[in-house]
There are 2 protein chains.
Amino acid sequence: MLSDSQTSQPLPAKGSKLGPIEMEAIEMFINFFRLLGLPKSIGEIYGLLFVSPRPLTMDDLMHRLNISLGAASQGLKTLRSFGAVKAVYSPGERRDHFVADLELSRFASTFLKEQILPRIEQAGQRAERMEAALASLPDAERQVTRARINELRRWLDRGRSMLPVALKLLA
Amino acid sequence: MLSDSQTSQPLPAKGSKLGPIEMEAIEMFINFFRLLGLPKSIGEIYGLLFVSPRPLTMDDLMHRLNISLGAASQGLKTLRSFGAVKAVYSPGERRDHFVADLELSRFASTFLKEQILPRIEQAGQRAERMEAALASLPDAERQVTRARINELRRWLDRGRSMLPVALKLLA
DNA sequence: CACACAGTTCAATAAGAAATGAAATCCCGG
DNA sequence: CCGGGATTTCATTTCTTATTGAACTGTGTG
C-alpha cells in the first residue's frame, strides 16, 4: 500500500550465488518494477541482466536467481515486450542470450503509450457515458454532478496534453 | 501485468444500489488507483464520493458499496492520508461526513514526494554501495560494470531533476 | 459516570497474483 | 524428416494482499 515505502531490504541470500553488486541491482529493480505493478521475478531478471558484463541465457537466470523455467521465460517475454531486454546473437550458440537494454527512455515511453494513454482514453469514454446518463438525475443533483464530470474532463484533457510533453522530456 | 490493459468492465451489480453514473465513476477510479497499486475498495470509495452531490458517512459507503466497516475505515484513512478525501463538518451530526477532494494536483504531488522521491534516494544509496563493491571484481568485469553503474546514476539524476518540473506542471 | 454510538485496529479468512513444472511446441542439425 | 535440446504455455500450487468482522477505544450525552 502507500505506506510501505521502505520494504524488502533482506532477500534471503538464495544460494549465495549472487555477489553484492548483483544483489543491490536486483533489489533496486525489484522495487522499481513493483512501482509499475510488475512481479518480483521480473525485477530480479532485469537487475541481474543489468549488471551482468555478458549476455545471459535463460538457464543462467534460472540457476542464479533460483526461479523456475516458466518464470524466466515469461519474465523475459514481458521485458522484451516493452523493450527492456533484448536477445543478442551468440555465434555458434544454440541458446538465446539476453542483455538489458539500457535505454530507459524507450521503455518508459512504451509504458506511457501502452498503459497510461489507453486508460485516459477509456476514462474519456466513461465520462461521455456519465454525461449521457445525467438526464436521469433529479434536477437538484444534476447540476452538481455535471460540474464534477466537467472537472473530470479537465483532468483527462490535462493528462492527455501532458503525455507528449513527458515523452519529449524522456527522449 | 502489463498486458491486462482493458480489464474489469462488469462489476456484478452489487445490490443495484448504484446508478449508472456512480458505476462508471467507481470503475474509473478503481482502474486509476490500481495503477498506483491501491486496492479496489479505495477506488470504490473515492469513485462514489467523487460523484456524490453531498458528503457521505462511513455508513453510507459501507451500505452502498457493500464493503465492511474495516474496509471503509481503512480506505478513508488512506485516502485522507494523501489528501484525496477530507472530512467536512456537518452541523449537529454526530458522524463524520466525507467528500472527495477534487484537487488532483495535491495528491499527485503527495504521491511524487512520498513514493517516487524516496525510491530515487534509496536507489542512489544502492548505487554508492555498488560503486564501493566494484573493488572486489575481476579487472575484466570491473570496467563494464562501472559503466553500467554510471548509466544508472545518470538515470537517477535525471529522475531527480525531473521531479520539480513535474510538480510545477501539476500545480 | 455509564451507556450508546462512531470509529479504529487487527487476527483470521478469502480473493487474487505470481511461480512452478510438466506437457506441448518449436527449431536446428544430421 | 527424425531426434533432441531450447523455449513456451498453462493448469495447479504457493504466496501475497485485501477484506472481513469482532473486539477495542474514544467520546459526547443524559
Side-chain angles (χ1 to χ4, degrees), chain A residues 1-5 7-8 10-12 14 26 29-31 33-46 55-81 85-98, chain B residues 1-5 7-8 10-12 14 26 29-31 33-46 55-81 85-98:
Chain A
M1 183 166 303
L2 267 202
S3 28
D4 70 354
S5 298
T7 13
S8 68
L11 200 72
K14 299 263 182 176
I26 288 168
F29 285 107
I30 287 175
N31 285 345
F33 282 113
R34 168 152 34 237
L35 199 57
L36 311 182
L38 294 170
K40 185 170 76 149
S41 62
I42 287 188
E44 296 179 296
I45 294 171
Y46 188 82
L56 299 180
T57 63
M58 232 170 75
D59 213 65
D60 293 331
L61 293 169
M62 289 173 55
H63 289 109
R64 310 217 34 222
L65 298 170
N66 285 298
I67 60 178
S68 71
L69 191 59
S73 173
Q74 294 198 141
L76 285 168
K77 184 180 170 187
T78 302
L79 285 165
R80 268 176 301 173
S81 83
V85 154
K86 63 186 178 199
V88 294
Y89 232 60
S90 220
E93 284 268 18
R94 184 103 175 251
R95 320 178 154 178
D96 288 346
H97 288 238
F98 300 95
Chain B
M1 185 166 304
L2 267 201
S3 27
D4 70 353
S5 298
T7 12
S8 69
L11 198 72
K14 298 263 181 174
I26 288 168
F29 285 107
I30 287 175
N31 285 345
F33 283 113
R34 169 148 40 231
L35 199 57
L36 311 182
L38 294 171
K40 185 170 74 150
S41 63
I42 288 188
E44 295 179 296
I45 294 171
Y46 189 82
L56 299 180
T57 64
M58 234 171 73
D59 213 65
D60 294 331
L61 293 169
M62 289 173 56
H63 289 109
R64 309 212 39 219
L65 298 170
N66 285 297
I67 60 178
S68 70
L69 189 59
S73 173
Q74 295 199 138
L76 284 169
K77 185 180 168 186
T78 302
L79 285 165
R80 268 176 302 171
S81 82
V85 154
K86 62 189 179 196
V88 295
Y89 231 63
S90 220
E93 284 269 18
R94 184 105 173 249
R95 320 179 153 179
D96 289 345
H97 288 239
F98 300 95

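Quick note on labels: first sequence line is chain A, next is B, and so on, each numbered from 1.
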All side-chain contact (heavy atoms from CB on, under 4.5 Å) counterparts of A:Asp60, not counting sequence neighbours: A:Arg54, A:Leu56, A:Thr57

Reading 5' to 3' through nucleotides 2-9 of chain C, protein heavy-atom contacts under 4.0 Å coded B for base, S for sugar-phosphate only, - for none: --BBSSBB

By side-chain hydrogen bond (donor to acceptor under 3.5 Å, both in side chains), which residues pair with A:His97, not counting sequence neighbours? none

Across all chains, not counting sequence neighbours, the salt bridge (charged side-chain N to carboxylate O under 4.0 Å, His left out) partners of A:Arg95 are A:Asp59

What's touching nucleotides 12-14 of chain D from the protein side, N or O pairs under 3.5 Å?
none

In whole angstrom, give the distance that lies between atom CG of A:Leu56 and atom P of D:dT7. 13 Å

In this structure, how many angstroms lie between the C1' atom of C:dA17 and the CZ atom of A:Arg34, rounded? 12 Å

Min side-chain heavy-atom separation B:Leu69-B:Met62 under 4.5 Å: yes

I would like to know whether B:Leu65 and B:Ile26 meet side-chain contact (heavy atoms from CB on, under 4.5 Å); could you show each step before the answer? CA-CA 10 Å; B:Leu65 298 170; B:Ile26 288 168; 3.7 Å; yes

How would you list, by chain and number, every residue that makes a ring pair (Phe, Tyr, Trp, His ring centres under 6.0 Å) with A:Phe33, sequence neighbours excluded? A:Tyr46

In a check of side chain to side chain contact (heavy atoms under 4.5 Å, CB included) between B:Met58 and each of B:Asp96, B:Leu76, B:Ile67, which one passes? B:Leu76

Gap separating the CG atom of A:Leu61 from the CZ atom of A:Phe98, nearest 0.5 angstrom: 8.0 Å

